[in-house]
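Before any comments, here is the structure.
The sequence lines fix the lettering, A, B, ..., with proteins before strands; numbering per chain opens at 1. Note that these values count all heavy atoms, side chains included, but never hydrogens, waters or copies made by symmetry.
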There are 2 protein chains.
Amino acid sequence: MKKSERQAVIERLIMEYPIATQEELMAKLKAEDITATQATISRDIREMQIVKTPDDHGQTRYVIFKETNKNEQERLFESLHDVVISIDRVEFMNIIHTLPSNGNLLAAIIDDLHLPEVSGTLAGHDTIFIISPNATVAKQLHDLFISHVADDNDVAD
Amino acid sequence: MKKSERQAVIERLIMEYPIATQEELMAKLKAEDITATQATISRDIREMQIVKTPDDHGQTRYVIFKETNKNEQERLFESLHDVVISIDRVEFMNIIHTLPSNGNLLAAIIDDLHLPEVSGTLAGHDTIFIISPNATVAKQLHDLFISHVADDNDVAD
DNA sequence: ATCTTCATTGAATAATTATAAAAAACAACC
DNA sequence: GGTTGTTTTTTATAATTATTCAATGAAGAT
């Protein structure tokens, strides 16, 4: 039995059943003919970034932890870096081109920040309009955003 | 000392320091003149949905857990329920009105699902246009969405 | 004021999880 | 074959966390 196999089964099991303890997980593994001690499972759980969390009704269960522990600004800058193709300013507006299907996602992140430089956004599949209070502020925003776009994206300044 | 006060301090502390055990947290609380036993802290942690997770370098620490453990469809239905004010259909389009600042968020969720009924979305602060391939499909989508909107929201059918 | 109920807490302890140290498994080499 | 180094696992135990039960306190009702 390979470690990776076992971990794949663990992932499936914790998604399928509300498993509350390592002993319980051990039993479920046994039912699939995988033998492992609690100690091994403890290490798997740590490696796989699985955490125990109370679900809706007081019960705790293991779930796979995803990184939602970044702050909003980090998320913005990461997204700018990852999905923005170009940013152009026209007067008091910025027009952002994104990779397909990332327009609304990025706009939601921008909205979330409630920046004073942003009066409103309008987003589609791969384009976002950002309206600023005036052209000066729009330029500031443009400069800020541009500085976080990946160099190898096709950026028009 | 109110429970809510203590929990607010706990939240601040776990964000500020990499706290690995409840004893450690107890000590930090003590330093802020808040006395509580490990039992109490255990209960706080459960209530606040704080989890222990390994961070970048093997160390574990407590962090606040956010629900990323819902599937996309659950997220959609929850959002429809929580933020939608009205949904109207005009020919092959649906127009959704949301609570302020939720337009792009909800649109991002809808985009994520890549529904065949959705050719594209266009979202702003509190409004979303959803374009469907034809009026029939748009009506199906409308019916589906409507059924998940909270009854006490001001729904126009 | 006294009683009742419900929430909160601490002390003690049970339950659970993590880890140290040794053993086993495995691979790559001679 | 044997030897060496590395990874994974177990056993035994330490460390950590959750819970039971009793005590305390707060808010409302009579």
(message) For Glu16(A), is the CD atom crowded, meaning more than 12 foreign heavy atoms sit under 6.0 Å from it?
(response) yes
(message) Is there a side-chain contact between Thr40(B) and the phosphate of dG10(C), meaning an N or O under 4.0 Å from OP1 or OP2?
(response) yes
(request) Taking Asn134(B) for its side chain and Val137(B) for its backbone only, find out whether a donor-acceptor pair lies under 3.5 Å. (result) yes
(request) Compare the minimum distances between each of dT16(C), dT8(C), dA18(C) and the side chain of Lys3(B), then state the nucleotide with the smallest one. (result) dT8(C)
(message) Ignoring hydrogens and geometry beyond distance, is the side chain of Glu23(B) in donor-acceptor contact with the base of dA15(D) at under 3.5 Å?
(response) no
(request) Measure the distance from CD1 on Ile41(B) to C1' on dA15(D) and round it to the nearest whole Å. (result) 16 Å
(request) Using a cut-off of strictly less than 4.0 Å, decide whether Ser42(A) has a side-chain nitrogen or oxygen near OP1 or OP2 of dT17(C). (result) no
(request) Check whether any side-chain nitrogen or oxygen of Lys52(A) sits under 4.0 Å from OP1 or OP2 of dT17(C), and answer yes or no. (result) yes
(message) Is the phosphate of dT8(D) approached by Arg6(A) (side-chain N or O, under 4.0 Å from OP1 or OP2)?
(response) no
(message) What is the separation between atom CG on Asp44(A) and atom P on dT16(C), rounded to the nearest whole Å?
(response) 19 Å
(request) Please state how far atom CD in Glu24(A) lies from atom P in dT17(C), giving the value in whole angstrom units. (result) 9 Å
(message) Rounded to whole Å, please give me the gap between CZ in Arg43(B) and P in dT20(D).
(response) 10 Å
(request) Provide, to the nearest angstrom, the distance between the CE atom belonging to Met26(A) and the P atom belonging to dT17(C). (result) 11 Å
(message) Using only atom types and a distance under 3.5 Å, with no angle test, would you say the side chain of Lys52(A) pairs donor to acceptor with the backbone of Val51(B)?
(response) no
(request) Could you state the atom-to-atom distance from CG of Leu29(B) to P of dG10(C) in whole Å? (result) 11 Å
(message) Using a strict threshold of under 4.0 Å (side-chain N to carboxylate O), is an ion pair present between Glu91(B) and Lys139(B)?
(response) no
(request) Considering just the side-chain nitrogens and oxygens of Tyr62(B), establish if one lies under 4.0 Å of OP1 or OP2 belonging to dT16(D). (result) no
(message) In this structure, how many angstroms lie between the C1' atom of dT17(D) and the CD1 atom of Ile45(B), rounded?
(response) 9 Å
(request) Looking only at side-chain atoms of Arg46(A), point me to the closest of dA18(C), dG10(C), dT10(D). (result) dA18(C)
(request) Rounded to the nearest 0.5 Å, what's the gap from NE2 on His125(B) to OG1 on Thr121(A)? Could you check? (result) 9.0 Å
(message) If you only use heavy atoms from C-beta on, which nucleotide in dT19(C), dA18(C), dA18(D) is closest to the side chain of Ala39(A)?
(response) dT19(C)
(message) Just the rounded figure in Å: distance from P of dT9(C) to NZ of Lys2(B).
(response) 11 Å
(request) For dA18(C), take OP1 and OP2 only and decide whether either is under 4.0 Å from a side-chain N or O of Gln22(A). (result) yes
